[in-house]
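Please read these numbers as outputs of a predicted model, since none were measured by experiment.
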Amino acid sequence: QFMESGGGLVQPGGSLRLSCATPGFTLSDTYIGWFRKAPGKQPEGISCVRGDGRQTNYDDAKRGRFTITRDIAANTVFLRIINMKPEDTGTYYCIPTECAGLARTWVPRGAWGQGTQVTVSS
């Protein structure tokens, strides 16, 4: 199970970097995805990165403000969010993901972690 951190309260226009610790994860050809769950909504895929860090995929609507990176040595995946908006509010999760095609077709695999809460508000 992965461990998310880095969330918090951010003003509109601000930025955050979320972290996903992936201890013991060594599958270079398996993708790790970031999902966001807003209150009352289903989780939505944001971005995913291949285990070796060499391939990324994004939900088309998230390109530009979200950047995913993988630090293999630190066994961590990061999600950088800039120019944040109130609609970015939600709980963010990282999880192994079948990450082909459009974001709405991505399939999270395994157990969800605790997530990290992000609130964008003035």
Side-chain angles (χ1 to χ4, degrees):
Q1 194 175 58
F2 298 160
M3 292 169 288
E4 305 89 346
S5 63
L9 175 62
V10 184
Q11 291 188 341
S15 62
L16 275 180
R17 188 179 76 161
L18 307 181
S19 298
C20 169
T22 61
F25 184 85
T26 59
L27 301 176
S28 61
D29 59 351
T30 297
Y31 282 78
I32 300 166
W34 278 101
F35 288 76
R36 176 175 69 205
K37 188 179 186 306
K41 296 185 178 181
Q42 293 294 315
E44 59 172 332
I46 297 171
S47 182
C48 48
V49 60
R50 201 168 67 186
D52 63 6
R54 295 182 177 183
Q55 191 80 25
T56 60
N57 198 1
Y58 291 87
D59 174 48
D60 287 341
K62 308 296 190 300
R63 291 181 188 276
R65 296 197 301 114
F66 294 78
T67 304
I68 192 169
T69 54
R70 169 109 167 110
D71 185 332
I72 295 174
N75 237 332
T76 304
V77 175
F78 300 101
L79 183 69
R80 174 79 170 165
I81 314 170
I82 63 172
N83 189 23
M84 297 186 73
K85 304 176 181 182
E87 53 262 41
D88 294 327
T89 294
T91 305
Y92 286 69
Y93 300 88
C94 60
I95 191 168
T97 301
E98 293 184 13
C99 185
L102 299 177
R104 64 175 181 266
T105 67
W106 299 349
V107 181
R109 295 296 188 189
W112 296 94
Q114 294 295 311
T116 186
Q117 176 65 37
V118 171
T119 303
V120 184
S121 175
S122 55

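- Across every non-hydrogen atom of P43 and W112, the tightest pair is CB-CH2, 4.2 Å.
- Summarising the geometry, atom NZ belonging to K62 is positioned 13.0 Å from atom CD1 belonging to I68; distances are rounded to the nearest 0.5 Å.
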Under the side-chain contact (heavy atoms from CB on, under 4.5 Å) rule, what do E4 and Y92 come out as? Steps first, then yes or no, please. CA-CA 8 Å; E4 305 89 346; Y92 286 69; over 6 Å; no
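- Between the side chain of T22 and the main chain of F2, no donor-acceptor pair closer than 3.5 Å is present.
- M3 is listed as a side-chain neighbour of P23, based on a closest heavy-atom distance under 4.5 Å.
- Here CG of D52 is found 11.0 Å from CG of L27. Values are rounded to the nearest 0.5 Å.
- In terms of modelled atom types and a separation under 3.5 Å, the side chain of S28 and the main chain of G51 share no donor-acceptor contact.
- Looking at R70, its side chain never comes within 3.5 Å of a backbone N or O of R50 through a donor-acceptor pair.
- Y31 and I46 are assigned to two separate hydrophobic clusters, defined by single-linkage of ILVMFWY side chains at heavy-atom distances under 4.5 Å.
- Ring centroid separation for the pair W34 and F66 does not come in under the 6.0 Å cut-off.
- Contact check for R65 versus I81: side-chain heavy atoms found under the 4.5 Å cut-off.
- To the nearest 0.5 Å, the span separating CZ on F78 from OG on S47 amounts to 14.0 Å.
- Between L102 and D60 the shortest side-chain heavy-atom distance falls below 4.5 Å.
- More than 12 heavy atoms of other shown residues, nucleotides or ligands fall within 6.0 angstrom of atom CD in E87.
- Counting non-hydrogen atoms of neighbouring residues, nucleotides and ligands closer than 6.0 angstrom, the CD atom of Q1 exceeds 12 such neighbours.
- Figure legend: cation-pi geometry between R63 and Y58 absent, as NZ or CZ is not positioned both under 6.0 Å from the six-membered ring centre and within 45° of its axis.
- Nearest heavy-atom pair across Q117 and T119 is NE2-OG1, 3.5 Å.
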List the steps and the verdict of side-chain contact (heavy atoms from CB on, under 4.5 Å) for C99 and N57. CA-CA 7 Å; C99 185; N57 198 1; 3.7 Å; yes
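- In terms of heavy-atom proximity, T30 sits nearest to P96 at CG2-CB, 4.5 Å.
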Before giving the answer on side-chain contact (heavy atoms from CB on, under 4.5 Å), spell out for V118 and R36 the whole-Å C-alpha distance, their side-chain angles and the decisive distance to 0.1 Å. CA-CA 9 Å; V118 171; R36 176 175 69 205; over 6 Å; no
